[in-house]
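Keep in mind that the numbers below use all heavy atoms, side chains included, and drop hydrogens, waters and symmetry copies. Just so it is clear: chains get the letters A, B, ... in the order the sequence lines come, proteins before strands, and each one is counted from 1.
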2 protein chains.
Amino acid sequence: MVKKSGPLRTAKIDIRDVASRAGVSIATVSRVMNHVPTVDAVLSARVWEAVEELDYLPNTQARALVSGKSRLLGLIVSEITNPFFPELIQEFERAAVKWGYEILLGSTNYEAKTMELCARRMLERKVDGVAIMTFGIDDFLLDRFEADNVPVVFIDPAPARPLSSFLAVDYYAGIHEGVEHLVGLGHKSIGFISGPRRLRSAATRKATFLESLRVAGLKAEPAFIVEGNHTLDGGRDAMQKLLALRKQPTAIMCSNDMTAIGVQHALFEANLKVPDDFSLIGFDDIHLAEYTIPPLTTVRMSCEDIAQKAVENLLSRLRGDAGGVAAASLVMTRLIVRQTTGKPKRAVRGAAASSTKSKKR
Amino acid sequence: MVKKSGPLRTAKIDIRDVASRAGVSIATVSRVMNHVPTVDAVLSARVWEAVEELDYLPNTQARALVSGKSRLLGLIVSEITNPFFPELIQEFERAAVKWGYEILLGSTNYEAKTMELCARRMLERKVDGVAIMTFGIDDFLLDRFEADNVPVVFIDPAPARPLSSFLAVDYYAGIHEGVEHLVGLGHKSIGFISGPRRLRSAATRKATFLESLRVAGLKAEPAFIVEGNHTLDGGRDAMQKLLALRKQPTAIMCSNDMTAIGVQHALFEANLKVPDDFSLIGFDDIHLAEYTIPPLTTVRMSCEDIAQKAVENLLSRLRGDAGGVAAASLVMTRLIVRQTTGKPKRAVRGAAASSTKSKKR
DNA sequence: CGGTAAACCGTAAACGTTTACCAAGAAGCA
DNA sequence: TGCTTCTTGGTAAACGTTTACGGTTTACCG
């Protein structure tokens with residue numbers, strides 16, 4: 001507010017300006033700014049006053065250069081354009097700032113080349129830790145992180161390495177619940193649209209689905225398992241493949257919600273109804289899932305949970321709590337029943353029309 | 001690849017290591033890394049070789065500290081969770097990396113306090129320029145950017161200031177096209193669901209809508225103009241308000257696509273059909289718009305265009321091409337007709353059922 | 001009242017680059 | 001051959017912080 005501090009110099013003000021205005025040394029200013037407790041209260045007050053008056057902002061790069069800590073956390077995701085990730089990013093950032101960290105974002109678009117670029121940026125900007133929320137990473141990149149002593153956390157099991165750790169997701173709970181729900185409704189042939197092959201978590205989801213089928217006493221029809229890529233287009237295309245089949249499943253589970261929305265669209269174009277003609281279950285429970293028409297039954301995986309656990313994991317290792325290699329934290333999943341699941345057509349006995357109306361929330 | 005370089009030192013390698021391995025001075029290494037042309041080809045080759053062998057990555061913060069350029073562009077958006085922004089961000093980043101820049105992301109969530117924090121981060125990290133793609137910013141923050149000599153670009157007209165500039169969006173073209181389309185179908189009372197009041201671009205969209213109505217010879221019914229907030233929930237709530245009205249519009253235009261999707265949901269819940277009971281037009285044309293059920297008629301505003309123009313604007317001013325205050329570049333909008341618009345119920349003469357089927361793409 | 005310990009603060013040396021300036025060698029010209 | 005002019009590489013001084021170290025003051029105890 002005080003403007004008398006001079007002729008509004010265009011030159012940026014630094015710690016020396018603050019020091020001289022407060023009548024102390026730069027070391028003291030630094031200590032005050034870093035909340036070092038051993039500085040006298042009156043000096044501290046003078047410093048803060050000077051900081052206010054001069055609108056002083058410390059230079060992050062100088063700080064990072066000498067201290068060796070950037071207070072930056074890297075976050076590498078698959079595709080920022082898939083709504084699941086913005087939700088994740090938001091939570092991750094929230095968790096990070098709570099501890100005084102900022103985030104550096106990277107999006108791989110499922111390309112190894114881009115992943116390498118992202119990793120390189122993270123290294124160059126000297127992030128203190130990295131969360132990798134997409135497919136696996138080449139070993140030589142992990143070597144680099146290790147060489148620079150930066151901890152890494154993955155989603156889903158990753159190769160055991162000195163500085164890397166992972167978050168375990170209990171896919172089984174939710175997915176199993178999903179097929180049980182379908183079986184309970186009378187479905188006997190259930191299709192699955194997977195994610196991109198390279199994405200580890202997608203592979204796990206598919207394997208878990210297969211396992212659930214087995215447990216439920218159904219056997220998998222290979223033709224009903226088709227590969228998607230976690231996008232709207234991929235879901236649409238995959239469903240079209242399924243529709244081209246002679247014999248078709250009566251229900252479809254999808255590796256993520258975007259795929260399911262693509263499926264809904266394919267069905268709409270084919271003039272088919274959900275859940276009358278096909279039952280549909282997604283995965284992730286993005287906010288949008290509540291808003292599709294009809295609202296999507298899906299498996300919820302809390303991205304808040306994931307984000308929090310990821311940064312906690314990273315930070316605890318930064319504090320030297322070590323351990324870390326094994327992941328203690330388990331992320332839960334569970335089924336959210338909305339309106340894309342119903343009895344299969346062929347199984348319908350009497351009350352055919354009423355199945356659409358069951359608005360479970 | 002070559003591992004003989006020593007016992008895999010955990011210490012990070014710096015420019016000195018490269019220099020000594022290549023048998024040159026650090027100045028030469030620096031020159032090589034920065035592609036300064038006056039360095040001898042054979043030395044240059046030796047340096048690159050050493051860089052390869054040592055996996056050397058320059059320290060960005062040291063670089064930035066001394067050169068005064070961070071090669072970082074700030075991007076402040078409203079809400080990362082609104083799919084329009086990820087698409088924007090992706091394009092912005094693409095454009096930035098093309099010129100060797102990286103981006104620092106900030107999301108305000110429509111809160112002035114958060115905006116201030118974002119701006120502060122940008123300043124601290126010493127971004128070379130900032131694009132502000134959300135509501136206006138407090139003057140004192142602009143002062144800070146000016147004091148630090150960092151150029152700013154806004155979307156939509158902003159106060160004229162030495163270092164700030166803006167992108168002009170031709171809202172009128174698309175929105176006018178939208179109401180003309182509706183009028184052509186026979187609609188006479190058209191409602192509008194706006195964005196958050198504080199968002200300048202939202203205010204402009206609403207004003208433009210009103211202007212288009214006037215031009216079309218219709219008069220605005222105040223009760224049909226309701227405030228949303230550019231989210232799914234906001235759209236749903238706003239539509240519920242409209243549905244509670246005694247007399248209702250036959251068509252609704254929305255300030256963005258998320259709002260329109262919320263509206264579709266509200267209509268679905270009320271067991272009303274689009275476009276039979278209500279025609280609906282969105283704004284933005286996010287990728288998802290093609291996938292709603294039915295697919296959304298909307299006004300396209302190319303975020304690729306916006307992103308490219310924003311970084312070009314920033315970079316040209318960084319290069320000192322100056323000028324800049326006035327925005328030469330105009331971003332166009334145009335209507336994309338899909339399946340949420342049709343004749344109003346009351347105006348339907350004979351072929352009522354067929355209107356749904358007109359699949360224009 | 002003298003001496004020791006504790007509490008604070010300032011000086012200066014890092015941190016890893018870029019870059020202005022200078023020196024040395026090569027090449028061209030008389 | 002000797003002098004000038006390029007060319008090219010190296011030396012060293014920044015950049016804005018943090019922090020180890022040492023020095024000065026104050027407090028406390030005998």
Side-chain angles (χ1 to χ4, degrees), chain A residues 9 11-48 50-51 54-72 100 123-128 147-149, chain B residues 9 11-48 50-51 54-72 100 123-128 147-149:
Chain A
R9 354 183 329 178
K12 312 182 184 181
I13 52 143
D14 64 12
I15 200 175
R16 277 178 285 267
D17 300 318
V18 178
S20 68
R21 174 172 257 262
V24 299
S25 74
I26 62 167
T28 300
V29 176
S30 173
R31 281 189 273 256
V32 170
M33 299 291 297
N34 291 297
H35 302 103
V36 172
T38 70
V39 37
D40 188 80
V42 17
L43 283 200
S44 167
R46 284 225 306 273
V47 169
W48 281 121
V51 166
L54 295 175
D55 276 340
Y56 169 66
L57 287 183
N59 181 323
T60 321
Q61 17 223 38
R63 239 202 243 246
L65 181 57
V66 52
S67 73
K69 314 268 80 188
S70 64
R71 297 199 81 77
L72 221 44
L123 254 2
E124 281 183 352
R125 300 262 173 207
K126 297 278 178 289
V127 293
D128 291 341
D148 275 21
N149 204 38
Chain B
R9 354 182 329 176
K12 311 182 185 182
I13 52 143
D14 63 12
I15 200 174
R16 278 178 284 267
D17 301 317
V18 179
S20 68
R21 173 173 258 261
V24 298
S25 75
I26 62 168
T28 300
V29 175
S30 173
R31 282 189 272 256
V32 170
M33 300 289 300
N34 291 296
H35 302 103
V36 173
T38 70
V39 36
D40 189 80
V42 16
L43 283 201
S44 166
R46 285 226 305 274
V47 169
W48 281 121
V51 166
L54 295 176
D55 276 341
Y56 168 65
L57 286 183
N59 181 322
T60 322
Q61 20 224 38
R63 239 203 245 247
L65 181 58
V66 53
S67 72
K69 314 268 80 189
S70 63
R71 297 199 81 76
L72 220 45
L123 256 0
E124 281 183 352
R125 299 262 172 206
K126 297 277 178 290
V127 293
D128 292 341
D148 275 21
N149 204 38

Distance check needed: [N] [atom2] versus [X] [atom1], whole Å only.
X        : N      : atom1 : atom2 : result
A:Leu43  : C:dA7  : CG    : P     : 17 Å
A:Leu123 : C:dG16 : CG    : C1'   : 16 Å
B:Arg16  : D:dG10 : CZ    : P     : 15 Å
B:Asp14  : C:dG16 : CG    : C1'   : 6 Å
B:Ile15  : D:dG10 : CD1   : P     : 12 Å
B:Asp17  : C:dC15 : CG    : P     : 12 Å

Looking at residues at least two apart in the chain, or sitting in another chain, which of them share a salt bridge (Lys or Arg N to Asp or Glu O under 4.0 Å) with B:Arg71?
none

Is the closest side-chain heavy-atom distance between [X] and [Y] below 4.5 Å?
X        : Y        : answer
A:Arg125 : B:Arg125 : no
A:Thr28  : A:Val39  : yes
A:Met33  : A:Val51  : yes

Axis-to-axis angle for the helix from C:dC1-D:dG30 to C:dA30-D:dT1, ends of five pairs each, to 10°, equals 50°

In Å, rounded to the nearest 0.5 Å, how long is the span from CG of A:Leu57 to CG of B:Asp148?
7.5 Å

In residues 24-42 of chain A, which residues come under 4.0 Å of DNA chain D by heavy atom?
A:Ile26, A:Ala27, A:Ser30, A:Asn34

Contact list please: residues 56-70 of chain B against DNA chain D, heavy atoms, distance less than 4.0 Å, in numerical order.
B:Leu65, B:Val66

Those residues that, when tested against A:Arg63, pass side chain to side chain contact (heavy atoms under 4.5 Å, CB included) (two or more places apart):
A:Asn34, A:Pro58

Side-chain (B:Ser70) to main-chain (B:Lys126) donor-acceptor, under 3.5 angstrom
yes

What are the two closest heavy atoms between A:Ser25 and A:Ala19, and how far apart are they?
C-CB, 3.8 Å

Minimal non-hydrogen separation, B:Thr60 against A:Glu124, with atom names
OG1-O, 2.6 Å

My understanding is that only residues two or more places apart in sequence, or in another chain, count here; which of them pass side chain to side chain donor-acceptor pair (under 3.5 Å) with A:Asn59?
none

Going through the distances and angles, do B:Tyr56 and B:Lys12 end up as a side chain to side chain contact (heavy atoms under 4.5 Å, CB included)?
CA-CA 9 Å; B:Tyr56 168 65; B:Lys12 311 182 185 182; over 6 Å; no

